[in-house]
Amino acid sequence: MAAEDADDTRDREDSGAEAIASPAGQALDPAALAAAVAAAEAAGPAPGETVRIDSWIWAVRLIKTRSMGATACRGGHVQVNGERVKPAHSLRVGDEVRLRHEGRERVVIVKRLIRKRVGAPVAAQCLVDNSPPPPPREAVAPIGIRDRGAGRPTKRDRRELERLRGLGAMGGMGGSGGTGRPGGERPDGR
């Protein structure tokens, strides 16, 4: 069975036909492939024009909005060929783009320049993703989930939750007299 799968994969590679995978993991037919390539070319710049880095990382769906891309560039979270860049930096085919976003670093190489945001299968054709795999999600039960209908937590419950979350005695009153002052004394000495 595995040998047959390997032969099928080799046959597809040898035929030279590229298949784009949809987000659900299904391969698109050749007509859809041609339409996707045409859409990418239509979304590309005219000859001699350049594409801004903030616009490109938005167009290939690395970031949700172009303004978030510009903010990431200004914050130093975007590097092109190892150098931090401003949002208006011109991108070229073959550039390596490193983007730190949402706690993860993405490393991509530019295959095609596009300006307009396109679908995920077309966007995948415009870059080569060399990103490290995302860190595995921890299989830990979420802390502080209460049963529906259990009512408002008591002071004791709240303190237990804070202890579990590692907040300790934040915001606690401290001191012996409950005055909130070091040593528990009042300003008049009582």
Side-chain angles (χ1 to χ4, degrees), residues 2 20-28 52-89 91 96-110 114 116-190:
I20 306 175
S22 67
Q26 303 162 345
L28 299 177
R52 293 170 52 116
I53 181 68
D54 61 342
S55 178
W56 187 82
I57 61 177
W58 165 74
V60 296
R61 299 176 169 268
L62 293 176
I63 287 192
K64 288 183 181 179
T65 64
R66 195 179 138 242
S67 63
M68 283 177 68
T71 304
C73 290
R74 282 193 297 271
H77 300 288
V78 178
Q79 295 180 354
V80 175
N81 298 327
E83 295 183 18
R84 291 182 177 174
V85 293
K86 293 182 178 180
H89 179 81
L91 210 55
E96 180 189 63
V97 178
R98 289 180 172 268
L99 167 71
R100 278 192 328 250
H101 182 61
E102 295 178 352
R104 183 173 174 215
E105 184 172 18
R106 302 288 305 268
V107 180
V108 296
I109 297 176
V110 180
I114 58 171
K116 297 178 183 173
R117 193 167 173 102
V118 292
V122 180
Q125 290 235 320
C126 298
L127 56 90
V128 177
D129 195 353
N130 293 334
S131 303
R137 291 185 177 173
E138 295 181 22
V140 181
I143 298 174
I145 302 296
R146 293 179 52 84
D147 293 332
R148 186 173 177 92
R152 183 174 173 175
T154 63
K155 185 183 253 187
R156 183 179 184 179
D157 293 339
R158 179 183 55 81
R159 287 183 176 159
E160 273 185 33
L161 289 174
E162 287 177 354
R163 185 181 50 78
L164 288 172
R165 288 181 181 149
L167 299 177
M170 292 182 90
M173 292 300 281
S176 61
T179 61
R181 300 183 185 283
E185 295 183 21
R186 294 183 176 175
D188 59 359
R190 287 191 275 164

* With rounding to the nearest 0.5 Å, note down the distance linking CG in L99 to CD in E105. => 8.5 Å
* To do: Report the distance from atom CZ of R98 to atom CD1 of I109, rounding to the nearest 0.5 Å.
  => 9.5 Å
* Identify, with sequence neighbours excluded, every residue that meets side chain to side chain donor-acceptor pair (under 3.5 Å) alongside R106. => D129, S131
* Partner residues of T65 under the side chain to side chain donor-acceptor pair (under 3.5 Å) criterion, sequence neighbours left out ->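 Testing T65 for side chain to side chain donor-acceptor pair (under 3.5 Å), a comparison that skips the adjacent residues, returns S67.
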* Output all residues satisfying side chain to side chain contact (heavy atoms under 4.5 Å, CB included) with P153, sequence neighbours left out; order by chain, then residue number. => R146, D157
* Structure fact -> Taken in chain and number order and not counting sequence neighbours, the residues that satisfy side chain to side chain contact (heavy atoms under 4.5 Å, CB included) with R152 are none
* Asked: Tell me the salt bridge (Lys or Arg N to Asp or Glu O under 4.0 Å) pairs involving residues 54-67, sequence neighbours left out?
  -> R52-D54, D54-R66
* Asked: Under the salt bridge (Lys or Arg N to Asp or Glu O under 4.0 Å) rule, what pairs show up with a residue in residues 71-83, not counting sequence neighbours?
  ->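 Counting only pairs at least two positions apart or across chains, no salt bridge (Lys or Arg N to Asp or Glu O under 4.0 Å) contact touches residues 71-83.
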If we only count heavy atoms from C-beta on, is the [X] to [Y] side-chain gap below 4.5 Å?
X: K155; Y: R158; answer: yes
X: W56; Y: V108; answer: yes
X: V97; Y: I57; answer: yes
X: C73; Y: I53; answer: yes

* Asked: Take atom CZ in R104; do more than 12 heavy atoms of anything else shown fall under 6.0 Å from it?
  -> yes
* Which atom pair, heavy atoms only, marks the closest approach of A123 to V118? -> N-CG2, 3.7 Å
Counting only pairs under 3.5 Å, give me each side-chain donor-acceptor contact of residues 75-82, with atom names and distances, residues two or more places apart or in other chains.
residue, atom, partner, partner atom, Å
H77, ND1, R100, NH2, 3.0
N81, OD1, E96, N, 2.9
N81, ND2, D95, OD1, 3.0

